[in-house]
There are 2 protein chains.
Amino acid sequence: MNRNVTIKDIAKAANVSISTVSRTLNGSPIVAPDKQRRVMEAAARLGYVPNASAQGLVRGRSMTIGVLTQDIASPFYNEVARGIDAGFSGTGYQPIFVNGHWQSQDESAAITTLIRHQVDGLIILGGRLDDEQLHKLAARYPLVLVGRRVAGLERRSLAVDNVHGAWLATTHLIQMGHRRIGHITGVASQRDALDRLEGYRLALAEANIAFDPKLVYEGDFNEGSGIQAVDHWLAQGTVFSAIFAANDQMAFGARLGLYRKDIRVPDDVSLVGFDDLPASRIALPPLTSVHQPLFEMGEQAAQLISQQLTAPDRPTTPPLLPLTLSVRESVRYNRALAP
Amino acid sequence: MNRNVTIKDIAKAANVSISTVSRTLNGSPIVAPDKQRRVMEAAARLGYVPNASAQGLVRGRSMTIGVLTQDIASPFYNEVARGIDAGFSGTGYQPIFVNGHWQSQDESAAITTLIRHQVDGLIILGGRLDDEQLHKLAARYPLVLVGRRVAGLERRSLAVDNVHGAWLATTHLIQMGHRRIGHITGVASQRDALDRLEGYRLALAEANIAFDPKLVYEGDFNEGSGIQAVDHWLAQGTVFSAIFAANDQMAFGARLGLYRKDIRVPDDVSLVGFDDLPASRIALPPLTSVHQPLFEMGEQAAQLISQQLTAPDRPTTPPLLPLTLSVRESVRYNRALAP
DNA sequence: TTGTAGGCGTTATCAC
DNA sequence: GTGATAACGCCTACAA
């Protein structure tokens with residue numbers, strides 16, 4: 001509406017030159033105290049707000065970091081986003097978020113948007129952009145990849161050991177006496193999903209339990225596929241005493257699917273998820289889940305980018321954040337020891 | 001890293017003037033076809049991305065809309081954010097999100113950040129900014145308030161009838177035979193929370209059920225206070241056969257609190273929430289809840305801002321989005337009819 | 001210590 | 001049709 005207040009306006013009001021105003025505002029030491037006061041007073045009175053576009057244009061830096069997230073409504077990405085938000089607080093950098101919707105072309109468009117806005121760096125959460133595109137981006141911009149490990153970009157990837165996490169979950173179930181363990185996978189094209197399946201198989205092999213393909217259902221990381229998995233197994237007559245879902249959302253779906261058939265968790269079937277979302281602590285029953293330090297990953301990503309920005313030469317190796325199992329109440333000891 | 005490609009670079013590569021490049025890129029009709037081709041080719045080859053700062057500076061419009069949200073991790077705000085995202089898709093406007101954390105000073109800082117970035121309009125979700133500040137903002141910028149009704153700014157507020165919603169929930173429980181209905185309120189300083197309490201009282205009064213202050217527990221809209229409410233009532237020996245929580249998150253907390261005491265929902269106690277979050281559909285049991293059209297509210301907000309931007313004179317009255325009750329499985333008919 | 005002037009990348013207004 | 005050129009708001013040598 002009303003034209004915004006500019007430095008020129010302040011200069012006029014305080015009866016000084018625009019450079020004096022600029023210097024004062026930027027804390028330059030060499031300004032006469034009285035003028036300084038007059039400028040500050042005028043700026044406050046007029047309600048001056050610096051124009052980031054103009055500053056960015058002349059400084060060549062916008063002090064904003066672009067974050068490509070996949071789904072603003074997903075609890076998974078939100079936890080990471082919250083960490084990023086926290087990680088930048090006080091650094092002067094401002095994260096701005098855009099959505100890729102898990103679609104390669106949306107992601108490209110979103111990144112272009114970010115670059116148009118002159119972001120100083122990029123944080124990419126998951127996604128389907130292929131490695132080549134990521135390499136191209138990495139060559140031009142400070143970049144951090146979260147939840148994804150790309151060959152040649154290890155230094156800039158923040159990932160967790162998904163194989164180990166899945167192994168942890170499956171081994172826990174085995175130790176609790178389960179031998180027929182269903183696994184609901186994530187989207188098969190995603191590395192995370194593949195790694196978790198791998199961890200599941202590994203744990204079975206170590207315990208000398210034969211891998212049964214019937215016990216693996218391909219899900220899509222959404223609640224719906226958890227329900228479908230259960231319905232499918234029940235319809236096929238597949239026997240199982242426990243389920244390991246590749247994320248918590250699918251575990252919730254499975255839980256509901258079981259409830260509808262009057263099968264209790266953990267009384268009849270044990271359940272383990274992956275991600276340890278905030279909601280899982282208060283789920284019913286509280287869900288045993290592989291703890292991904294999502295918030296911390298966001299924080300780390302923010303720090304990593306900051307380092308690349310301030311000290312681009314000093315190569316930094318992102319720390320490997322540990323994966324642990326949050327044991328809660330959704331697993332029960334299996335007395336039946338059904339074959 | 002590498003300097004970004006500019007119009008100047010394209011001009012050099014295509015051997016034309018920068019004005020011709022600019023015209024071509026902006027789709028001006030009067031450019032010779034061959035030059036046009038050369039420009040487009042060079043732009044593509046060089047990977048040109050326009051500089052939004054520079055465009056914003058000269059055009060006076062940034063084509064971005066600032067959205068002040070409170071908590072990026074809250075499922076409530078995320079649903080609205082998703083609607084906003086969808087509402088702007090295809091309009092050329094780009095929403096950018098910042099967090100206020102439910103704190104007045106953070107909110108002010110966040111809004112200043114947005115203004116620095118020359119947003120063309122503001123969408124404010126909830127928050128604690130006082131009416132005077134909002135009026136000041138509204139005087140200077142296109143503005144839409146979501147989930148909040150401010151005197152004098154009705155035209156720019158998108159709110160729902162919380163009293164009616166709470167009445168709906170409570171009346172449903174009464175019709176299902178419940179007379180001792182606990183209510184977990186939201187943060188007492190928030191208008192929404194007060195309105196929902198009001199709706200609860202109204203429904204009781206209509207049914208000639210005496211209001212019992214013991215049955216009202218002051219929560220804070222987070223899961224934890226749902227657990228506390230249940231613990232409190234149980235410790236006090238307060239009798240109830242149903243609970244109406246002022247939002248779904250507290251309802252989930254209550255459900256867990258009851259589960260811990262081996263009280264079943266809906267077998268022993270019925271439960272109704274407010275917001276109808278996506279998670280409530282797959283909760284256990286699926287939660288009966290007052291449906292807030294969160295996604296639609298976001299969409300509406302986006303549209304409203306767009307209208308203010310394109311036709312500032314034509315006053316628009318935001319439609320009052322209807323509140324309905326999503327009846328699911330967390331309420332059971334109360335045979336006991338306890339006094 | 002202060003002011004003037006040039007330039008960041010883009011669009012728009014002029015002449016040609 | 002096309003190409004200089006003046007803004008847009010700000011910062012920063014450079015001069016004074």
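Only heavy atoms go into these numbers, but all of them, side chains included; no hydrogens, no water, no symmetry mates. Chain naming here is simple, since letters A, B, ... match the order of the sequence lines and numbering starts at 1 in each. None of these values were measured; they are calculated from a predicted model.
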Taking atom [atom2] of [N] as reference, at what distance in whole Å does atom [atom1] of [X] sit?
X        : N      : atom1 : atom2 : value
B:Asn51  : C:dG7  : CG    : C1'   : 14 Å
B:Asp34  : D:dT2  : CG    : C1'   : 12 Å
B:Lys8   : D:dA4  : NZ    : C1'   : 13 Å
B:Arg61  : C:dG9  : CZ    : P     : 22 Å
B:Met63  : C:dT10 : CE    : C1'   : 15 Å
A:Asp9   : D:dC10 : CG    : P     : 9 Å
A:Gln118 : D:dG9  : CD    : C1'   : 16 Å
B:Arg116 : D:dC10 : CZ    : P     : 10 Å

Does B:Asp34 have any salt bridge (Lys or Arg N to Asp or Glu O under 4.0 Å) partners at least two apart in sequence or in another chain, and if so, which?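 Here the qualifying residues are B:Arg38.
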
Quick one: list whatever passes salt bridge (Lys or Arg N to Asp or Glu O under 4.0 Å) with B:Arg148, sequence neighbours left out.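 Result, salt bridge (Lys or Arg N to Asp or Glu O under 4.0 Å) vs B:Arg148: B:Asp131.
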
If each of A:Leu57 and B:Lys35 is mapped to the nucleotide of DNA chain D with the nearest heavy atom, which maps nearer the 5' terminus, i.e. the 5' end?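 Between the two, 5'-proximity favours B:Lys35.
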
Identify, with sequence neighbours excluded, every residue that meets side chain to side chain donor-acceptor pair (under 3.5 Å) alongside A:Thr64.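 Residues passing side chain to side chain donor-acceptor pair (under 3.5 Å) with A:Thr64: A:Ser62.
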
Residue B:Val31, side-chain heavy atoms: nucleotide from D:dG9, C:dT2, D:dT2 that is nearest: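 It is D:dT2.
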
Which of these nucleotides, D:dG1, D:dG9, C:dT2, is closest to any side-chain atom of A:Thr6?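 Closest nucleotide among those given: D:dG9.
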
Under the side-chain contact (heavy atoms from CB on, under 4.5 Å) test, which residues partner A:Val49, sequence neighbours left out?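 Per chain and number, A:Val49 pairs via side-chain contact (heavy atoms from CB on, under 4.5 Å) with B:Thr112, B:Ile115, B:Arg116.
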
Looking only at non-hydrogen atoms, find the nearest pair between A:Leu309 and A:Pro142 and report the distance.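 Looking at all heavy atoms of both residues, the shortest contact is CD1-CG, 3.4 Å.
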
In the 5'-to-3' direction, what one-character label does each nucleotide of nucleotides 11-16 of chain C receive under the scheme B = base within less than 4.0 Å of a protein heavy atom, S = sugar-phosphate only, - = no such atom? BB----

Where at least one partner belongs to residues 45-54 of chain A, residue pairs that pass side-chain hydrogen bond (donor to acceptor under 3.5 Å, both in side chains), sequence neighbours excluded: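 Passing the test, one end in residues 45-54 of chain A: A:Glu41-A:Arg45.
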
Would you say A:Gln308's side chain and A:Leu143's backbone share a donor-acceptor pair under 3.5 angstrom?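 Checking the backbone N and O of A:Leu143 against the side chain of A:Gln308, a donor-acceptor pair under 3.5 Å is found.
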
Phosphate OP1/OP2 of C:dG3 contacted by A:Thr20 side-chain N/O (<4.0 Å):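 So the side-chain polar atoms of A:Thr20 do come within 4.0 Å of the phosphate oxygens OP1 or OP2 of C:dG3, strictly under.
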
